[in-house]
Amino acid sequence: MWEAKLEPNVISYSAGISACEKGEQWQRALALLSEMWEAKLEPDVISYSAGISACENGEQWQRALALLSEMWEAKLEPDVISYTAGISACAKVEQWQPALALLSEMWEAKLEPDVISYSAGISACEKGEQWQRALALLSEMWEAKLEPNVISYSAGISACAKCEQWQWALALLSEMWEAKLEPDVISYNAGISACAKCEQWQRALALLSELREAKLESNAASYSPAIVALLRRRDATG
DNA sequence: CTAGGGTTAG
């Protein structure tokens with residue numbers, strides 16, 4: 001654009017930053033942010049949030065946090081989306097403590113985290129194998145009148161699955177029905193995975209049937225854990 | 001008109 005004597009604006013730069021998604025492109029994203037300052041095109045909240053997401057994809061969680069600080073310094077108040085992107089950046093690399101710290105920081109900054117922020121936090125707990133904390137976040141959402149949705153619950157069930165807490169995974173599935181939230185394939189698959197990991201193969205198969213009865217389209221992730229559980233049982237029983 | 005955030009297996 002510069003070469004064509006067309007001056008890019010803040011939106012063009014933000015789009016460019018957002019395009020720096022894969023692999024090592026986070027460096028390019030950060031370079032674009034600096035370039036904006038040099039060109040006196042002040043990056044806005046969206047440009048920075050896109051930069052934070054680029055850091056997430058590049059697994060650069062500290063740099064994501066650094067961008068959030070930089071925003072405060074530049075008097076560009078990060079919004080709910082900027083923070084949520086930061087939480088995801090931490091989640092991606094299993095940094096559940098900084099992810100939860102960001103959630104608290106949001107409340108302190110009077111930036112009310114929304115359902116997406118909490119779901120990202122639950123996902124961070126899942127990656128960091130903190131199932132109790134994932135459950136705590138779900139309760140916290142209800143208390144804050146932020147109704148968890150199917151995605152929040154699926155993330156919670158995954159956290160239970162990862163930590164081999166099949167009873168809690170099933171409890172969350174029931175809780176969804178009580179809350180009139182219909183579990184989707186992802187919720188079921190996470191539940192099947194939890195049961196399968198704990199050698200609860202009958203329960204895994206029961207969930208698989210439920211999934212089919214609900215006319216939800218099963219996929220490879222629905223069957224793999226159940227098959228693994230059955231194979232383990234076969235090996236165990238000879 | 002054109003830009004930013006959350007869920008599943010192994």
Side-chain angles (χ1 to χ4, degrees), chain A residues 1 6 8-21 29 32-33 36 41 43-57 64 67-68 71 76 78-92 99 102-103 106 111-127 134 137-138 141 146-162 169 172-173 176 181-197 204 207-208 211 216-232:
Chain A
M1 285 179 88
L6 285 171
N9 61 12
V10 177
I11 296 182
S12 0
Y13 264 104
S14 300
I17 295 168
S18 160
C20 297
E21 276 182 353
L32 286 177
L33 273 177
M36 288 177 82
L41 280 171
D44 62 9
V45 177
I46 296 183
S47 327
Y48 267 99
S49 300
I52 295 169
S53 292
C55 291
E56 176 199 339
N57 290 313
L67 287 183
L68 277 174
M71 289 175 81
L76 282 171
D79 62 11
V80 176
I81 296 184
S82 327
Y83 267 100
T84 304
I87 294 170
S88 301
C90 295
K92 173 133 185 186
L102 286 180
L103 257 186
M106 288 176 81
L111 281 172
E112 289 206 6
D114 62 12
V115 177
I116 300 184
S117 322
Y118 267 97
S119 301
I122 294 169
S123 173
C125 294
E126 180 252 314
K127 303 270 190 317
L137 287 185
L138 277 172
M141 288 177 79
L146 285 172
E147 290 202 7
N149 61 18
V150 175
I151 296 183
S152 328
Y153 269 102
S154 297
I157 296 168
S158 300
C160 296
K162 188 147 195 175
L172 288 184
L173 274 174
M176 288 179 78
L181 287 171
E182 293 202 5
D184 65 7
V185 192
I186 296 180
S187 332
Y188 272 112
N189 288 0
I192 293 169
S193 164
C195 295
K197 272 194 179 165
L207 284 182
L208 196 48
L211 167 62
L216 290 169
E217 204 160 322
S218 52
N219 57 26
S222 322
Y223 287 91
S224 315
I227 291 170
V228 167
L230 287 170
L231 288 176
R232 272 210 301 265

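Proteins come first, then strands; the chains are lettered A, B, ... in the order of their sequence lines, and each starts at number 1.
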Looking at side-chain heavy atoms only, is the closest gap between A:I192 and A:L211 below 4.5 Å?
yes
Walk along nucleotides 3-10 of chain B from 5' to 3' and tag each nucleotide B, S or - by protein heavy-atom contact under 4.0 Å, base first, then sugar-phosphate.
BBBBBBBS
Is there a donor-acceptor contact under 3.5 Å from the side chain of A:S18 to the main chain of A:S14?
no
Kindly indicate whether the side chain of A:P148, heavy atoms from C-beta on, has any atom under 4.5 Å from the side chain of A:V115.
no
Interatomic spacing from SG in A:C55 to CD1 in A:I17 - rounded to 0.5 Å:
10.0 Å
Side chain to side chain, A:P113 and A:Y83, heavy atoms closer than 4.5 Å
no
